[in-house]
A.B. asks: 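Before anything else, here's the structure in question.
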Amino acid sequence: SAEAGSAQIDLGEFYNAALADSWHQGNVTDNTLRDLPTGLQTFNDVQFDVRGLIQLAGSSQIQESRVRFPEQVEGIPVGREAAALNFLHGTGWKAPLDTTIGRYVVHYANGDRRTALIVYGRDVRDWWTDSSELVGDELQVAWTGENHSYEGAPGLRLYQTRWENPLPDEEITSIDFISTMSDSAPFLIAITAE
């Protein structure tokens with residue numbers, strides 16, 4: 001968005017779903033994030049550039065949805081140093097607790113790379129709120145909203161994960177977003193550096 005600064009990483013050319021569209025296209029209608037505020041938004045004291053999302057594939061998503069998403073998106077440009085990265089993300093479909101459902105691979109100008117794992121139950125859970133799933137201490141809810149899919153549908157949740165960069169003085173050149181092809185299909189809405 002026009003208000004975004006250098007801390008907000010531009011994901012625009014990688015979006016493969018719109019917030020107001022039923023991007024999973026399963027057996028429900030209006031399965032969207034249309035109530036999520038867009039533009040520069042602050043969640044848990046971090047400003048994110050909210051405009052769309054990058055959905056990756058997962059095994060359940062492939063079986064239940066007519067839409068095909070990639071297993072990974074590579075080369076999201078960053079071009080700056082950062083003490084930490086904040087991810088605004090979620091997932092469709094459940095996985096067993098502590099399952100690694102994806103990862104962010106951070107590439108540096110010096111040729112090094114580091115990996116931030118996306119673990120179900122620690123970093124994200126299904127974006128459809130299940131009241132039987134307790135939110136643990138590590139899991140940070142960033143936003144909650146109404147689910148318009150059908151009357152009485154469970155609420156929606158997005159999550160925020162802060163990853164401490166082990167090489168804060170090295171320029172981050174790019175980030176890869178990768179699914180492990182578990183039952184769960186991770187999606188990314190925004191990244192903010194600090």
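No hydrogens, no waters, no symmetry mates; every other heavy atom, side chains included, goes into these values.
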A.B. asks: Which pair of heavy atoms, one from Ala190 and one from Leu188, lies closest together, and at what distance?
C.D. replies: O-CD1, 3.4 Å
A.B. asks: Got Tyr159 and Asp123 here, is their nearest side-chain heavy-atom distance under 4.5 Å?
C.D. replies: no
A.B. asks: Compare all side-chain heavy atoms of Asn44 with those of Gln140 and state whether any distance is below 4.5 angstrom.
C.D. replies: yes
A.B. asks: Show, in sequence, the C-alpha distance, side-chain angles and deciding distance for Ile175 and Val78, and conclude whether the side-chain contact (heavy atoms from CB on, under 4.5 Å) test is met.
C.D. replies: CA-CA 7 Å; Ile175 299 172; Val78 178; 3.7 Å; yes
A.B. asks: Under 4.5 Å between side-chain heavy atoms, counting indirect links through other Ile/Leu/Val/Met/Phe/Trp/Tyr residues: same cluster for Leu85 and Leu40 or not?
C.D. replies: no
A.B. asks: For the atom pair CG (Asp45) and OG1 (Thr42), what is the distance rounded to the nearest 0.5 Å?
C.D. replies: 8.0 Å
A.B. asks: Dump the intermediate steps for side-chain contact (heavy atoms from CB on, under 4.5 Å) on Gln160 and Val46, then the final yes or no.
C.D. replies: CA-CA 9 Å; Gln160 181 177 335; Val46 177; 3.4 Å; yes
A.B. asks: Kindly indicate whether the side chain of Val124, heavy atoms from C-beta on, has any atom under 4.5 Å from the side chain of Phe187.
C.D. replies: no
A.B. asks: Would Arg113 and Val106 satisfy side-chain contact (heavy atoms from CB on, under 4.5 Å), going step by step from the backbone distance to the final call?
C.D. replies: CA-CA 5 Å; Arg113 64 182 179 181; Val106 180; over 6 Å; no
A.B. asks: Membership question, hydrophobic clusters at under 4.5 Å side-chain separation (ILVMFWY): are Trp93 and Leu139 in the same one?
C.D. replies: no
A.B. asks: Can you check whether Ala95's main-chain N or O pairs, donor with acceptor, with Asp183's side chain at less than 3.5 Å?
C.D. replies: no
A.B. asks: Phe69 and Gln61: which non-hydrogen atoms are nearest, and at how many Å?
C.D. replies: CD1-NE2, 3.4 Å
A.B. asks: Taking everything shown except Arg162 itself, do over 12 heavy atoms lie less than 6.0 Å from its CZ?
C.D. replies: yes
A.B. asks: Looking only at the side chains, is there a donor atom on one of Ser184 and Thr91 sitting less than 3.5 Å from an acceptor on the other?
C.D. replies: yes
A.B. asks: Determine whether the side chains of Asp30 and Ser149 contain a donor N or O and an acceptor N or O closer than 3.5 Å.
C.D. replies: no
A.B. asks: Going by atom types only, do Tyr120 and Arg122 share a side-chain donor-acceptor pair under 3.5 Å?
C.D. replies: no
A.B. asks: Working to the nearest 0.5 angstrom, can you tell me the gap between Arg157 CZ and Thr129 OG1?
C.D. replies: 4.0 Å
A.B. asks: Is any side-chain heavy atom of Ile76 less than 4.5 Å from a side-chain heavy atom of Ser174?
C.D. replies: no
A.B. asks: Side-chain contact, heavy-atom cut-off 4.5 Å: Gln41 with Gln47?
C.D. replies: no
A.B. asks: Run Leu53 and Leu33 through side-chain contact (heavy atoms from CB on, under 4.5 Å) and show every step you take.
C.D. replies: CA-CA 10 Å; Leu53 63 90; Leu33 286 168; 4.1 Å; yes
A.B. asks: Considering all heavy atoms of both residues, which atom of Ile172 and which atom of Ala82 are nearest to each other, and what is their separation?
C.D. replies: CD1-CB, 4.1 Å
A.B. asks: Is there a side-chain contact between Leu88 and Val50 in this structure, where contact means two heavy atoms from C-beta onward sitting under 4.5 Å apart?
C.D. replies: yes
A.B. asks: So which heavy atom on Leu56 is nearest to which on Glu71, and how close?
C.D. replies: CD1-O, 3.9 Å
A.B. asks: If we ignore angles and hydrogens, is there a donor and acceptor under 3.5 Å between the side chains of His148 and Asp35?
C.D. replies: yes
A.B. asks: If you measure only the distance, is there a donor-acceptor pair under 3.5 Å linking the side chains of Asn86 and Glu194?
C.D. replies: yes
A.B. asks: Is the backbone of Leu156 close enough, under 3.5 Å, to the side chain of Asn147 for a donor and an acceptor to pair up by distance?
C.D. replies: no
A.B. asks: Looking at every non-hydrogen atom in both residues, tell me the closest pair between Pro166 and Arg114 and how far apart they are.
C.D. replies: CG-CG, 3.7 Å
A.B. asks: Rounded to the nearest 0.5 Å, what separation is found between the OG1 atom of Thr38 and the CD1 atom of Ile189?
C.D. replies: 11.5 Å
A.B. asks: Do Asn165 and Tyr108 have side-chain atoms, one donor and one acceptor, less than 3.5 Å apart?
C.D. replies: yes
A.B. asks: Do the side chain of Thr180 and the main chain of Thr100 share a donor and acceptor less than 3.5 angstrom apart?
C.D. replies: yes
A.B. asks: Measuring from Asp49:CG to Gln8:CD, what's the distance to the nearest 0.5 Å?
C.D. replies: 6.5 Å
A.B. asks: Salt bridge between Arg51 and Asp10, side-chain N to carboxylate O under 4.0 Å?
C.D. replies: yes
A.B. asks: Does Ile9 share a hydrophobic cluster with Tyr15, counting links as ILVMFWY side-chain heavy atoms below 4.5 Å and allowing steps through other members?
C.D. replies: yes
A.B. asks: What heavy-atom pair brings Pro186 and Ser179 nearest, and what distance separates the two atoms?
C.D. replies: CD-OG, 4.0 Å
A.B. asks: Is a donor on one side and an acceptor on the other found under 3.5 Å between the side chain of Gln55 and the backbone of Asn16?
C.D. replies: no
A.B. asks: Should Trp143 and Leu19 be regarded as members of a common hydrophobic cluster, given that ILVMFWY residues are connected when their side-chain heavy atoms come within less than 4.5 Å of each other, either directly or indirectly?
C.D. replies: yes
A.B. asks: Determine the interplanar angle of the Tyr150 and Trp128 rings, folded into 0 to 90°, and report it as parallel if under 30°, tilted if 30 to 60°, perpendicular if over 60°.
C.D. replies: tilted
A.B. asks: Side-chain contact, heavy-atom cut-off 4.5 Å: Tyr104 with His89?
C.D. replies: yes
A.B. asks: Between Leu97 and Ile101, is there a shared hydrophobic cluster once you connect ILVMFWY residues whose side-chain heavy atoms come closer than 4.5 Å?
C.D. replies: yes
A.B. asks: Does the side chain of Phe43 reach to within under 4.5 Å of the side chain of Leu158, using non-hydrogen atoms?
C.D. replies: no
A.B. asks: Taking atom CG of Asn110 and atom CG of Asp169, what is their separation to the nearest 0.5 Å?
C.D. replies: 11.0 Å
A.B. asks: Drop me the distance from Ile118's CD1 to Thr115's OG1, to the nearest 0.5 angstrom.
C.D. replies: 10.5 Å
